[in-house]
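All remarks here apply to the structure that follows.
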There are 2 protein chains.
Amino acid sequence: MDGEGGQERADERAGEASRPTLKTIAFMTGLGVTTVSRALKDAPDIGEETKKRVRLVARQVGYRPNRAGVRLRTGKTNVISLVLDTEEQVGGFVSDLIYGISEQLAATPYHLIVTPYSRNNDPMEPVRYVVETGSADGIIISRTEPQDARVRYMTERGFPFATHGRTDMGIDHPFHDFDNRAYAVQAVRKLAELGRRRLALLAPPRRLTYHNHMRDGFLEALAEAGLTEAPFTGATVDHSIDDIRGRMTELMSRPNRPDGIVSGSGQATFALVAAVEDVGLTVGKDVDIVSKQSSRLLHLLRPTLYVVNESVRFAGSELARSVLGAIEGKNPKSLQSLSLPTEVEAR
Amino acid sequence: MDGEGGQERADERAGEASRPTLKTIAFMTGLGVTTVSRALKDAPDIGEETKKRVRLVARQVGYRPNRAGVRLRTGKTNVISLVLDTEEQVGGFVSDLIYGISEQLAATPYHLIVTPYSRNNDPMEPVRYVVETGSADGIIISRTEPQDARVRYMTERGFPFATHGRTDMGIDHPFHDFDNRAYAVQAVRKLAELGRRRLALLAPPRRLTYHNHMRDGFLEALAEAGLTEAPFTGATVDHSIDDIRGRMTELMSRPNRPDGIVSGSGQATFALVAAVEDVGLTVGKDVDIVSKQSSRLLHLLRPTLYVVNESVRFAGSELARSVLGAIEGKNPKSLQSLSLPTEVEAR
DNA sequence: ATTGAAAACTGCAACGTTTCAGTTTATCCC
DNA sequence: GGGATAAACTGAAACGTTGCAGTTTTCAAT
C-alpha cells in the first residue's frame, strides 16, 4: 500500500485546479490509472464497490476524458463531419440540417464539424481528406448522385457515412431522403385537379439522384392524368435567382406556355413567381404553382401558391441517427429512411 | 551512424501504407524524429540542406501532422467553435455565417465545429464547456448582450473569441457588427422622404445589444425628421412568424396605426407584409416598409418594399478573421469591425 | 595545442488514454 | 497443505508530437 509514493506532480501538489485526468482520480482513490480507466468503462474485471467509488469521485471532480488522449490512443475521434457545398442556393437549408444533426448528437459524445467545399472543386476532396486523416468517425454528405464516387470510395474503405439522398449503384448504404417522386406525383395531381393541362417542372440538376426521382414522378403522374409537359430548359433549382427568373420569363412568354408549374425548391419559387408577374400573368389565375419548401414563407406573400413542406431539420436528425448507426456497425438496410411529403397545402 | 538499428516497426516493414508520421520521415531521411519535427517547423538550428530534404520527403509521402498528437502535446486544437442558438428564427442566417467562416478557415489548419445550445438553456453552458475542456482554440458567439456574461467569462480567462455584435461593458474585445444604428437612421429617413409620419419599429429583443443600436438610430432619426412613433409592443424579430403576424395585425387595425415600418429582419418582414394585407391595406400605398434582409427574396414578391442588404457571409468571414487574430494575441482593438448598411434599395 | 562557441543534430520524457500481460490475493477442491 | 482457479487490480508500453537538455562536429581565436 503506497500511493504517497513520492510521485505526485506539480498539479497534484499545488491548488492548480487544472483539468482532472485519470491520474487525478487514481491518486484520489489510491487506485492505479488502469483500474480507474477500466472502472469508468464498467469493465467486468473491476469490483462493484470500486466502480462505485471511482464513479463517485469522477463525478465529484467533474472528470471528462481528454479527447486528444482517447483519439491518439484509439483513433476514435468522436466527431461527425458534415461535408457541405458552400455554393448551396437553398437558403436556410443548411441551418436546419445542422440543427437537426445537433439535436441527435447532443446526447452523445460526438461533435459536429463542418467541412466545406466549393462546387467548382472536386467533391471528392473533402471526403478523401477526412477519410485519409481519420479526422472523423463518420461523414454525412448531400447532393448525392446515382453513381456517386464518394459513396463508392467510403464503402470500399469501410468508412461509416450517411447520404442525404439516394444512389443507384447497387450499394446498400445508410441514407435519408425526401420522397421527391411522391412529391412530384402529388403536385401534378393537384394541378390536374385544378384543371391545368400543360405543366412544367423546375427540377434539380440532372447529375443529382433526386432529379431522376422528381422527374420520374412528374412524368408518370403526367401520363396518368393525360397531361402534357412544357419543357423547362436551362434552369434547375441550383441556378441563381436571376437565372431562374430569366428562364421562367422566357418560358412564360411562349405561345404554348405552361399553365401549371411544379417547383423543386422554395427559394426558386420566389423567382418563378416574380417571372410570372414580370410577364403580366397571375399566379392562381393564369398559372398554378405547386412548390416544395423548407421554410414557410411562400404562403405569406402568395397565398395562391400550393406548397408541400419538407422538414430539413428532421432530415438532419435522421442522417445523424444513420451515421451513428453506421459507426456502430449496424446493417445499412436498417439505416435507410424516406420521409413522405405532407399533403399539398392551399390557402 | 545507425538508422538500420533494428527498431523499425511493422508498418515500416510491411507495405501497409498507413499514414506517414514523423517517424516515417525520420526513417526515410535517416534523421531523428526531433530533427524532422524541427525541420518542418523551419527552426533556426536545422541546416538549410536538411530542411529542404525533409520538406521534400514530407511532401512526397503526403505527410500531415496528426492532430491528436499535436493537441495532446501542445494543447493546440486547431479548432474554432461556433456557438449557436438552435432556435434561431432567421433562416439562412446560419448557413451564410458558416460559409463565411469556412471561407476564411479554408487556408488555415483550422476546423470549424458547431456547438449548439437551446435558447431555453443557459447560453453560458456551451462556452463553459469549450473553455473548460479546451476543445477549441477560439470561440465565435452571436446574440451578444450589453452586459454579456460569456464575454466576461472568456475575457477573464484570456480565452480567444469574437462576437457577432457588440457589448457595452468597458471591455475591448474582438467583434464584428452590422451598423444597425445607421440602418435604422437610413430607414427612417427614407420613410420620411416618402412622406410617412408615424413609424413603427420591429426591433430585436430588448436583451440583445443591437436592439439598443437599432432603437437609438430609429428614435434619433425620428426626432430629426419630426416624426412620431407608433409603439410596436409584444413582438421582436425573434418571435415566430405567426406571433409577428398576429401582433402586426393588431397594430395595423388601430385607429392610430403607423404609416411606415422599419423591420429588423427579412424573415419577419414576410409576416409584416402578410399582416398588412390581412387587414386589407397595401404595402407601398397605405404603408411603406423598409426591411433589412440577408437573403434577397423580399423584392421578388413585393417590389414595393424598400430593402437594405446585410451580408452575413461577410460577417462570418470577418468573425473568423477576428478570432484568428485573437488567437495570435493581436490587440483586440485591431480586431473590431463594423459593416455599413447598403443604400436603401427600391424597385 | 587549447579553449570556446556556434551549428547541427538527437535521446528522452511527457501530454492522457487504453491494451496487454501480468501479479497478487482470496477461495475452493481434494 | 498443495494446487488450481477466479477475482481484482496493476505497470509498462504505445499512439504522434514537441520542449528540453544534451552531444557531436567544426572552426575560429588565442
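Throughout, a chain's letter reflects where its sequence line sits, starting with A, and its residues are numbered from 1. All figures in this text were calculated on a predicted structure; none of them were measured in a lab.
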_Please list, in numerical order, the residues of residues 31-40 of chain B that have a heavy atom closer than 4.0 Å to any atom of DNA chain C._
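Residues of residues 31-40 of chain B under 4.0 Å from DNA chain C: B:Leu31, B:Gly32, B:Thr34, B:Thr35.
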
*Taking only Lys NZ, Arg NE, NH1 and NH2, and the carboxylate oxygens of Asp or Glu, determine whether B:Glu103 and B:Arg313 approach each other closer than 4.0 Å.*
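Between B:Arg313 and B:Glu103 there is a salt bridge, with a charged N closer than 4.0 Å to a carboxylate O.
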
*May I ask you to say whether A:Glu125 pairs ionically with A:Arg128, meaning some side-chain N is under 4.0 Å from a carboxylate O?*
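No salt bridge links A:Glu125 with A:Arg128.
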
Gap between atoms [atom1] and [atom2], on [X] and [N] respectively (whole Å):
| X | N | atom1 | atom2 | value |
| --- | --- | --- | --- | --- |
| B:Arg73 | C:dG16 | CZ | C1' | 13 Å |
| B:Arg19 | D:dT17 | CZ | C1' | 12 Å |
| A:Lys41 | C:dC20 | NZ | P | 14 Å |
| B:Arg67 | D:dT18 | CZ | C1' | 17 Å |
| A:Asn66 | C:dC15 | CG | P | 11 Å |
| A:Lys76 | D:dC15 | NZ | C1' | 17 Å |
| A:Glu49 | C:dT25 | CD | P | 20 Å |
| B:Arg71 | C:dC15 | CZ | P | 17 Å |

*Base paired to D:dA8 (Watson-Crick or G-U; both N/O distances under 3.5 angstrom)*: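 In the structure as shown, D:dA8 has C:dT23 as its Watson-Crick or wobble partner.
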
*Scan every strand shown for a Watson-Crick or G-U wobble partner of C:dC30, both distances under 3.5 Å, and answer none if you come up empty.*
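Because both required distances fall under 3.5 Å, C:dC30 counts as paired with D:dG1.
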
*Hey, mind stepping through B:Val323 and B:Ile139 against side chain to side chain contact (heavy atoms under 4.5 Å, CB included) and telling me if it holds?*
CA-CA 7 Å; B:Val323 74; B:Ile139 296 183; 5.9 Å; no

*For D:dG22, does the glycosidic angle fall within 90° of 0 (syn) or outside that (anti)?*
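Nucleotide D:dG22 adopts anti.
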
*So, is A:Lys23 close to the C:dG16 phosphate, meaning a side-chain N or O under 4.0 Å from OP1 or OP2?*
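For C:dG16, neither OP1 nor OP2 has a side-chain N or O of A:Lys23 closer than 4.0 Å.
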
*Starting at CZ of B:Phe175, measure out to NE2 of B:His164 and round the result to the nearest 0.5 Å.*
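Nearest 0.5 Å value for the CZ-NE2 distance: 11.0 Å.
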
*In Å, rounded to the nearest 0.5 Å, how long is the span from CD of A:Glu318 to CD1 of A:Ile140?*
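If we round to the nearest 0.5 Å, A:Glu318:CD and A:Ile140:CD1 are 11.0 Å apart.
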
*asked:* Using the side-chain heavy atoms of A:Leu72, tell me which of these nucleotides is nearest: D:dT17, D:dC15, C:dC15.
replied: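 Nearest listed nucleotide: D:dC15.
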
*asked:* If the condition is ring-ring contact (aromatic ring centres under 6.0 Å, His included), which residues does B:Tyr129 pass it with, not counting sequence neighbours?
replied: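 Once residues adjacent in sequence are excluded, the partners of B:Tyr129 under the ring-ring contact (aromatic ring centres under 6.0 Å, His included) criterion are A:His111.
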
*Kindly assign one of parallel, tilted or perpendicular to the pair B:Phe314 and B:His176, based on the angle between their ring planes and the thresholds 30° and 60°.*
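Because their plane-to-plane angle is over 60°, the rings of B:Phe314 and B:His176 count as perpendicular.
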
Atom pairs, N/O to N/O, protein against nucleotides 4-8 of chain D, distance under 3.5 Å?
none

_Donor-acceptor side-chain pairing of B:Asp137 and B:Thr77 below 3.5 angstrom_ =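 Indeed, the side chains of B:Asp137 and B:Thr77 share at least one donor-acceptor pair under 3.5 Å.
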
_Sidechain-backbone polar pair: A:Thr86 side chain, A:Tyr117 backbone, donor-acceptor under 3.5 Å_ =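 Yes, the answer is positive, given that a donor and an acceptor are paired below the 3.5 Å cut-off.
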
